[in-house]
Amino acid sequence: MSTGDWPVLPVLPDAATDAVVTSGLLRELAYAFGGPFHFLLPDAFTANLRAMRQTLDAADVDGFLYYAKKANKAAVFVERAAAHGAGVDVASAAELREALGHGVRGEHLVVTGPAKDPALLRLAVTHGALIAVDALGELDAVITTALAGPVRPARVLLRVLPPVQPHSRFGLTEDELALALERCVEARQALRMEGFSFHLSGYALQPRADLAARLTELCLKARVAGLQADRLSIGGGLPVSYTDADSWHAFLATQCPAHYHAEKTFASGDFYPYHSPVSGARALAALLETRPDGADRTLARTLTEAGVTLLLEPGRALLDRAGATVFTVQGVKDRDGYQLLTVDGTSLSLSEQWFNSEYAPDPRLIPRRPDAPAGVFPASVGAATCLESDLLTWRKIAFPHRPRAGDLLLYPNTAGYQMDSNESPFHDLPLPPKVVVDRTDRPRPRWRLDRHFI
Ligand SMILES: *Cc1c(COP(=O)(O)O)cnc(C)c1O
């Protein structure tokens, strides 16, 4: 069916989500909770984890995966990481406790984030977590903590300020790095310098390969000085594809203010790249196959020949297809040539809306009545709040049925950062609960609540 002039951005097919939709479970849950909710598909997380590990194995690269916990607050993903022997990337004492409490071993944690507070450092050192040191002062604090406590040496990585992102507020400059290495040598009884780390914004592979190769060389130099320096964390940033290439490029080429409520303007660069030529485990494979700038071998060979273990901290890529968000349409208004829907939640459950951007994959309308007439029915989606700017979707989505109160609206593939980064009980609305659906291969999917509601 043609959608006329309306751009579309369909998500890639996902059998597990389809199975949940066709089971009728979502309507029951909407009734039970009386408001929006998220459902989580942890088997997708496990599958993504397996695929990344297989990629490392296939490239003969010694590697270890840490799930970047900030991408979703649910317990089930941490539980899956623990069950499969993966690590977790934490950045606060609360996240560290959560990870430990859900079964992740202390030595399988990496602690990132700037200016870690003393409580966090004490916990990290006591549990043998790897600490990505972000500043010289922090290195001193780690040394002091280790000397004062019962467990040593503390395990550290030195986080590097990426030369390609000199305005990043994270990481040590080159001068600081030289000083830090000296301090690591001096303080060998208190800490073990295991290598370096970085995290780049953006999703390009080449700069990651370049910096990884440079830091591999630095590992070799550090070893000469007597340091362990045998691992390298390249952070997160493995891209996720939400839609196919053709839809994405057509969307970018055609989208214009007339397609949005209130003629809102989004530049192409305002959007997350909802399609990437390679994503997830395949992006990791491509990265390992990349030749770093000026090198005559791939990154994989560079690492293995230097005996360097590759550490990764994916958040979004591990959560690809691992959940979705469901609202109920509460009201429908007619506007000039389109409709304005109001759903029973807020854009706080769709974090992209809070970054001068829009979560662009098409939401899916699940009509309350199966006889809903078909056609093309453009509509934007507003929240049940008194904020003029609180829209879940500014774009006029070309729905295939006329939306009506009581219909469900499913935002697909929201587990990575969309669900709960920004949620708050605004208007005293309760936070949307999270439902774990861990068997989608039966006619009635099995579900339970995730451990908490935050
Ligand atoms: C946010 C973050 C990650 C995860 O990034 P993704 O893009 O979700 O893969 C990993 N490491 C660090 C240090 C981060 O800040």
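Here the structure is a predicted model, which means the values were calculated and not measured. Note that ligands are numbered from 1 as they come in the structure, with each ligand's atoms numbered from 1 the same way.
The protein atom (non-hydrogen) at minimum distance from atom 10 (C) of ligand 1 is Glu313 O, 3.1 Å. Closest to atom 3 (C) of ligand 1 among all protein heavy atoms lies Lys70 NZ, 3.3 Å.
Residues Glu358 and Lys264 are not in side-chain contact: their nearest non-hydrogen atoms beyond the backbone lie 4.5 Å or more apart.
The closest approach between Gly237 and ligand 1 falls below 4.0 Å for a heavy atom of the residue. The shortest heavy-atom distance from Ala71 to ligand 1 is not under 4.0 Å. The closest approach between Tyr417 and ligand 1 falls below 4.0 Å for a heavy atom of the residue.
Atoms of ligand 1 lying under 4.0 Å from any heavy atom of Pro314, numbered from 1 in the order shown and given with element: 9 (O). Near Asp89, meaning under 4.0 Å from any of its heavy atoms, are these atoms of ligand 1: 10 (C), 11 (N), 12 (C). Close approach of ligand 1 to Gly315 (heavy-atom distance below 4.0 Å) involves ligand atoms 4 (C), 6 (P), 8 (O), 9 (O).
Counting only N and O atoms by type, the side chains of Thr243 and His275 include no donor and acceptor under 3.5 Å apart. Asp43 and Thr46 form no side-chain donor-acceptor contact under 3.5 Å, judged by distance and modelled atom types alone.
Aromatic ring centroids of Phe271 and Phe251 lie under 6.0 Å apart. Not less than 6.0 angstrom separates the ring centroid of Phe170 from the ring centroid of Phe198.
Residue Ala68 touches ligand 1 through its side chain alone, judged by heavy-atom distances below 4.0 Å. Within the 4.0 Å heavy-atom criterion, the part of Arg159 lying near ligand 1 is the side chain and not the backbone.
The N/O atoms of Arg316, backbone and side chain alike, include one that comes under 3.5 Å of an N/O atom in ligand 1.
Distance check: Phe77 CZ to Asn48 CG gives 10.0 Å after rounding to the nearest 0.5 Å.
Between the side chain of Thr290 and the main chain of Ala286, a donor-acceptor pair closer than 3.5 Å is present.
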Using distance only, find each side-chain donor-acceptor pair of residues 57-65 under 3.5 Å and give its atom names and separation, not counting sequence neighbours.
{"from": "Asp62", "atom 1": "OD2", "to": "Thr309", "atom 2": "OG1", "distance (Å)": "2.8"}

